Amino acid sequence: MQRQLIKHVLTRRDFGATVTVAGWVRTRRDSKAGFSFVEINDGSSLASLQVIADGGLPNYQADVLRLSTGAAVVVTGTLVESPGAGQPVELRAAEITVHGHADPESYPIQKKQITYERLREIAHLRPRTNTFGAVARVRNALAFATHRFFQERDFLYLHAPIITASDAEGAGQMFRVSILDPGAPPRDERGEIDWAEDFFGRPTFLTVSGQLEAETYACALDRVYTFGPTFRAENSNTRRHLAEFWMIEPEMAFADLADDADLAEDYVRYLCRYTLDHCPADLAFFDQRVQPGLVAMLEGVAGSTFHRLTYTEAVAILEKAGAAFEFPVGWGTELQSEHERYLTETVFDRPVIVTDFPFDVKAFYMRRNDDGRTVAAMDVLVPGIGEIVGGSQREERLEVLLDSARRKGLDLDLYWWYADLRRYGTVPHAGFGLGFERLVQFCTGMQNIRDVVAFPRTPRNAEF
Ligand code: 4AD
Ligand code: MG
């Protein structure tokens, strides 16, 4: 007999049909009349299926009456109309096979509320809760929507390398990849670690961004995007930073900063629309339990025009705001999360795109503006999160690129291949990176980024 997913069974109305489902028990209630109700969830939907287990089942005493939260079962039975209000259909069991009981004395996920902090300690079991099942489904939908969005627009999916010798952001926040013995590394004549002896014959790291590689393909195939894991060894313990996170990085040839901002805006709106259309039950759950107003907020963003302003204008607004910020505001410093949120939540009440940041606070590859002090960069800020997208038009003029790198203390000889893009057939081009976990936070209302990725990697934490 073909097993069916519960989300499909819940839509069926062919009462009398024989159906087999499998999943994990959420609850069991015994009626005085000698039968039991068993709620089964298989993760295919937020909703569970109610099974009626009759006292006459051969294993009723031995198995059914022992069923507790977390037990794994396969049930075959007859689909019947539910008399109860909570669900349209239920399953009258003819056969219940228990694959594994879950001892209620020790199984940590019981019906009562558990804190997110506690669930992080049992991250291998937390997908069995309503919240983490819903997060996983929304995350899945957003990944699929991402591919659909870019494929519909003729972007080519590029797999950028994960091990790299280059520091794309020039921030020095890289995890080293090495097979040298840390206790006795080979040394050169000067007594320093001889990386030439290492696996790749040079220092290598986990990538912080696939952008530089994406640029090489955009400068041949016009428009590409990456979607892969990226790594940052920054010691940030905040609710929006991970050491390992996924990033989507589109890159377009023959495009400038305005094209880049247009693409980012279309993409974020598309993601909101897609999630609203494809995950209504999960979003309703988040709206009710996690962030009241979430659905209305996503509807608003899906239909909004993002407000665009320059960094210089943003700083002027923040300086005049008179709000009590923890970090000072002033031209020449990066916007902090509190400033970003003030702009998108309080000042404009919708997503905001800030453009043209100071050269000194941004990466070497961004295109210098004619004013001599800003670059053609943009950040997309959304309510609840702040920065969700960072992007720029890239410096396509070789001399200017070399000068920018020099001024940032970077040796572009190491990036000779990157400079070659400007030597041969250089072209204006632009792209951005969207942090996938911040996106999942935005679409679910989950407060902490550690709760929107299966196994979070943060400073001092790599369990599982
Ligand atoms: O602004 P970032 O550092 O930009 C880049 O990496 C560029 N190379 C992107 C490009 O132009 N192709 O990072 C892009 C986005 C941020 O806006 C943020 O959403 C996310 O990546 N991000 C993080 N997400 C979680 N944890 C971290 N530590 C993150 N750092 C950046
Ligand atoms: Mg950024």
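Ligands are counted one by one from 1 in listed order, and the atoms in each one are counted from 1 as well. These figures come from a predicted structure and were not determined experimentally. Values below: all heavy atoms of this structure, side chains included; hydrogens, waters and symmetry mates excluded.
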Would you say [X] contacts ligand 1, with heavy atoms under 4.0 Å as the rule?
X: E437; result: no
X: F442; result: no
X: R394; result: yes
X: A168; result: no
X: E251; result: no
X: I449; result: yes

| task | State the atom name: nearest N, O or S atom of E387 to the Mg ion (ligand 2). | result |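 Checking each N, O and S atom of E387, the shortest distance to the Mg ion (ligand 2) belongs to OE2.
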
| Could you go step by step and tell me if R240 and E437 meet the salt bridge (charged side-chain N to carboxylate O under 4.0 Å, His left out) rule? | CA-CA 8 Å; R240 57 172 211 169; E437 283 75 16; over 6 Å; no

Per-atom contacts of ligand 1 with [X], taking only distances under 4.0 Å to non-hydrogen atoms:
X: G391; result: 11 (O)
X: I388; result: 17 (O), 19 (O)
X: F432; result: 9 (C), 10 (C), 11 (O), 12 (N)
X: R240; result: 25 (C), 26 (N)
X: G435; result: 15 (C), 19 (O), 20 (C), 21 (O)
X: M247; result: 6 (O), 13 (O), 14 (C), 15 (C), 21 (O)
X: G390; result: 1 (O), 9 (C), 10 (C), 11 (O), 17 (O)

| task | Give yes or no for whether the N/O distance cutoff of 3.5 Å, strictly under, is met between S392 and ligand 1. | result | no

| query | Between E387 and ligand 1, is there a nitrogen or oxygen pair with a distance under 3.5 Å? | reply | yes

| message | Check R394 with E396, please: is the shortest side-chain N to carboxylate O separation under 4.0 Å? | response |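 Salt bridge: no.
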
| Carboxylate-amine/guanidinium contact D403 R368, below 4.0 Å | yes

| message | One residue to check: Y365. Relative to ligand 1, which of side chain, backbone, both or neither has a non-hydrogen atom less than 4.0 Å away? | response | side chain

| query | Backbone, side chain, both or neither: what part of R438 comes under 4.0 angstrom of ligand 1, heavy atoms only? | reply | side chain

| Whether F357 and Y311 hold their rings parallel, tilted or perpendicular, with breakpoints at 30° and 60° | tilted

| Can you say whether the rings of Y225 and F150 are parallel (under 30°), tilted (30 to 60°) or perpendicular (over 60°)? | parallel

Is it the case that [X] and [Y] place a side-chain donor and acceptor less than 3.5 Å from each other?
X: Y116; Y: R450; result: no
X: N237; Y: R460; result: no
X: Y365; Y: E169; result: yes

| message | Quick one, Q441 and I388 - any side-chain contact, counting heavy atoms below 4.5 Å? | response |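 SC-SC contact between Q441 and I388 ruled out.
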
